[in-house]
Amino acid sequence: MEKKTYLGLVVRETEEKKYERAIEELAIDGLPAGDVLVKVLYSSLNFKDMLSATGNKGVTKRYPHTPGIDAAGIVEHSGSADFRPGDEVIVTSYDLGMNTSGGLGQYIRVPAGWVVRKPKGLTLRESMIFGTAGFTAALSVLRLTDFGIKAKDDVLVTGACGGVGGVAVSMLSHAGFTVTALNDLTDRRDYLARIGAAQVIDPGEFIDESPRPMLKDRWTGCVETLGGGVLASAVRSIRAEGAITCCGNVVSGDLHLTVYPFILRGVSLFGIDSQNCPMPRRIRAWDMLAGAWKFPWLEDLASEVPLAGASGAIDRIRAGGHQGRIVVNLWN
Ligand SMILES: NC(=O)c1ccc[n+]([C@@H]2O[C@H](COP(=O)([O-])OP(=O)(O)OC[C@H]3O[C@@H](n4cnc5c(N)ncnc54)[C@H](OP(=O)(O)O)[C@@H]3O)[C@@H](O)[C@H]2O)c1
């Protein structure tokens, strides 16, 4: 008989600004309308999932809600000619896990336009070790390499122990770039060296709060994930004709700069939006992650929790200090 219910992590608002999480049995019929029903085998945890699971209304407006901006699994039913039952697929971003029931449930139903066919070079589990964080790292590196930054150039990666940063350090070092990693906990030097960082600096020695419009030029490229003073210092430290990507706001959403890095050094600043990334670039990034940028130590970045362990892992992300990527096994 066809399955009618599934297990999912549900976040409920119990009173103003109080949120509780529990695994609940949910009805497949209760999923939103959509073309493709996917049995989710793996999900992963990102900074945004922590925000959704802890009541951040900038991410999730209505509760009860099942978070999970990432899902990888098998098509169970498709109303779209593009997908058939049995296809292995990846669904990340758009509204998944924000206000659409997400990958921390054993089933999702989504529009066909959100679905990416899993590339051959990745398993479903590996695709979730990357997840949105890895995909965002790939979009950032695509921007830099399309711009003309080349292997052997030196590149700064900030938030280097985090999801986006850790994958960016790994991909870039695997591709031959010389990577400087910035992270606030410098006792992670061994970890960062293992994933390919040639040197590690801490924000204390890097962030320059002075009004100087430009700093010593040190890097040709930068994958910046933290925002605020880190982004402002990084832009001012890029060499002439270099480029920097901006994807995050962990430190701050503010940015105080002058125009001088742009008009005197020709520095280019690229914004990265993984959520609404057009499908051709989305497929290109996943193909790179499955091919030339798939580094041999991918498994070393991963830890795995069952669905029942997702809530505790979300608390650890909130507390800070975790490293690498957390994969959620939905059926374990
Ligand atoms: N634009 C997009 O499409 C997109 C997509 C994905 C993610 N993002 C954003 O990118 C950012 C990073 O995401 P993520 O998934 O990599 O997050 P994450 O795994 O939680 O990593 C965050 C990193 O920031 C570091 N950090 C935290 N507070 C810091 C501080 N005050 N100073 C210096 N470093 C600090 C953490 O270091 P410690 O834990 O060692 O302290 C960690 O390395 C987030 O803002 C996220 O929302 C954007």
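Atoms within a ligand are numbered from 1 in the order they appear, just like the ligands themselves.
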Any idea which heavy atoms bring [X] and [Y] closest together, and the distance?
X	Y	answer
Asp254	His256	CB-NE2, 3.9 Å
Val155	Ile149	CG2-CG2, 4.2 Å
Phe206	Val230	CE2-O, 3.6 Å
Gly228	Leu255	O-CD1, 4.2 Å
Gly86	Ile74	CA-CG2, 3.7 Å

Would you kindly specify which portion of Val230 sits under 4.0 Å from ligand 1, judged on non-hydrogen atoms: side chain, backbone, both or neither?
->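 It is neither; nothing of Val230 touches ligand 1.
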
Under a 4.0 Å heavy-atom limit, does Thr158 contact ligand 1 with its side chain, its backbone, both, or neither?
->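 Within the 4.0 Å criterion, Thr158 makes no contact with ligand 1.
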
Quick one: does Arg188 get a heavy atom under 4.0 Å from ligand 1?
->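 Yes, Arg188 has a heavy atom closer than 4.0 Å to ligand 1.
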
Indicate every side-chain donor-acceptor pair of residues 324-332 with a distance under 3.5 Å to a residue at least two apart or in another chain.
{"from": "Arg325", "atom 1": "NE", "to": "Ile129", "atom 2": "O", "distance (Å)": "2.6"}
{"from": "Arg325", "atom 1": "NE", "to": "Phe130", "atom 2": "O", "distance (Å)": "3.1"}
{"from": "Arg325", "atom 1": "NH1", "to": "Leu45", "atom 2": "O", "distance (Å)": "3.1"}
{"from": "Arg325", "atom 1": "NH1", "to": "Asn46", "atom 2": "OD1", "distance (Å)": "3.3"}
{"from": "Arg325", "atom 1": "NH2", "to": "Ser44", "atom 2": "OG", "distance (Å)": "2.6"}
{"from": "Arg325", "atom 1": "NH2", "to": "Met128", "atom 2": "O", "distance (Å)": "3.4"}
{"from": "Arg325", "atom 1": "NH2", "to": "Phe130", "atom 2": "O", "distance (Å)": "3.1"}
{"from": "Asn329", "atom 1": "OD1", "to": "Trp331", "atom 2": "N", "distance (Å)": "3.1"}
{"from": "Asn329", "atom 1": "OD1", "to": "Asn332", "atom 2": "N", "distance (Å)": "3.3"}
{"from": "Asn329", "atom 1": "ND2", "to": "Glu304", "atom 2": "OE2", "distance (Å)": "3.1"}
{"from": "Trp331", "atom 1": "NE1", "to": "Val40", "atom 2": "O", "distance (Å)": "2.8"}

[X] bridged to [Y] by N-O distance under 4.0 Å:
X	Y	result
Glu126	Lys118	no
Arg218	Asp154	no
Arg109	Asp29	no
Arg281	Asp146	no

Ligand-side contact atoms (ligand 1) for residue partner [X], heavy atom cut-off under 4.0 Å:
X	answer
Gly159	43 (O)
Cys247	1 (N), 2 (C), 4 (C), 8 (N), 9 (C), 10 (O), 48 (C)
Asp273	3 (O)
Val250	11 (C), 12 (C), 24 (O), 26 (N), 27 (C), 28 (N), 44 (C), 45 (O)
Gly248	9 (C), 10 (O), 11 (C), 45 (O)
Ile272	1 (N), 2 (C), 3 (O)
Asn249	45 (O)
Val251	30 (C), 31 (N), 32 (N)

Would one find an N or O of [X], backbone or side chain, under 3.5 Å from an N or O of ligand 1?
X	answer
Gln275	no
Ala133	no
Gly320	no
Gly163	yes
Val164	yes
Pro203	no

Pairing residues for Leu51 by the side chain to side chain contact (heavy atoms under 4.5 Å, CB included) criterion, not counting sequence neighbours |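 Counting only residues at least two positions away or on another chain, Leu51 forms a side chain to side chain contact (heavy atoms under 4.5 Å, CB included) with Phe47, Asn56, Val59.
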
